[in-house]
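Heads up: the structure comes next, in structure tokens.
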Amino acid sequence: MSSEALIEMPPLYEPGGPELMPGFRYERVTTDGAEINVAIGGEGPPILLLHGNPLTHVSWHRVAPTLAKSFTVVVPDLRGYGDSSKPDGGEDHSGYSFRSMGEDNAFIMSHFGFDRFQVAGHDRGARVAFRMALDFPDRVERLVALDIVPTHHALTNVTLGWGIEAYHWFFMAQKAPFPERLITADLGYYIDYKLNKKGVGLSIFSPGAMAEYKRCTTPEQIHAVCEDYRATVSVDLAMDTEDYLKRTIACPVLILWGSNSHCGRHFKPLEAWSPWAPDLIGWDIPTGHYPAEQRPDIVYRALWEFFSGRGVAKITD
């Protein structure tokens, strides 16, 4: 089924039972350096959904099952997260670079027989999707990024306000095992604090998803996440600095950011993205940092319309 054949947008539904990803099957895919836990479901044009920190693939559980009525939906745990493996990052932490994670996911899509695909990412997943769009321009057809500005812009435009809200970028990037030892002293407290965003709270998370996030908050995952952030301020920033004003994203890009998130409060996302994405649209939506869980109605509609090649309705309330 081509995207042109998608006539009507199925109404959003949330499964009422305990299963977070009904209709999806699971497979472990071995890439170059990791074993990735992947959920796949649906039929139609392929789309790849990438989660952020400190989440797992189930962060898409409120939109993925309905998207699967129109698309083949591939939803992995990034390397280091959830039930994917936690490989060594190496001396330069490049094992957790966005390029390494992007290569994982390009391989996964090839594994399932998809040469070209569309991708949406949130938080860290959006940074992986950004790198994939640069590194695989012949494969990524459309890109949706939720609640980020590009890494190069974030790290070269640090303000006091953003630095306070994004403290974990710099704390988790400290030399091992300093942040790991402090965080693992009370993992339950850490995950509750990390997810409890200003002005939003924890009530946006379903009990099942929250239980998954807590189950996966292990010492092994914390170390992997720290490696992720160590890579961000070193090898990832170096790659983006090399590419800045030299390479751009070839495909259409949609960016959505929360009006009540650190991204919305401290950046001008369209200005931050414009040097990287010539074919760019985007606006703020009434959420905090976790839009797919807080307002799945807005996120689902935007993804469906954009991935169907249609005009995207701008919903601001």
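In this structure, Val73 and Ile40 have side chains that are not in contact, with every pair of non-hydrogen atoms separated by 4.5 Å or more.
Between Asp83 and Arg215 a salt bridge is recorded (basic side-chain N to carboxylate O distance below 4.0 Å). In summary, Arg247 and Asp135 engage in a salt bridge, as defined by a charged side-chain N under 4.0 Å from a carboxylate O. Salt bridge status for Arg310 with Glu305: absent, with no side-chain N to carboxylate O gap under 4.0 Å. Lys214 has no carboxylate O lying under 4.0 Å from a charged side-chain N of Glu212, or vice versa, which leaves the two without a salt bridge. The pair Arg131-Asp240 counts as a salt bridge, with a side-chain nitrogen and a carboxylate oxygen less than 4.0 angstrom apart. Taking the charged nitrogens against the carboxylate oxygens, Arg62 and Glu293 have no contact shorter than 4.0 Å, which rules out a salt bridge.
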Going through the distances and angles, do Ser97 and Ser100 end up as a side-chain hydrogen bond (donor to acceptor under 3.5 Å, both in side chains)?
-> CA-CA 5 Å; Ser97 69; Ser100 292; 3.2 Å; yes

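Remark: aromatic rings of Phe130 and Trp273 are close, center separation under 6.0 Å. Checked against the 6.0 Å centroid threshold, His289 and His262 count as a close aromatic pair.
Separation of atoms OG1 (Thr287) and CG (Asp147) is listed at 6.0 Å; rounding is to 0.5 Å.
The aromatic rings of Phe107 and His111 sit parallel to each other, their planes meeting at less than 30°, with 60° as the upper class boundary.
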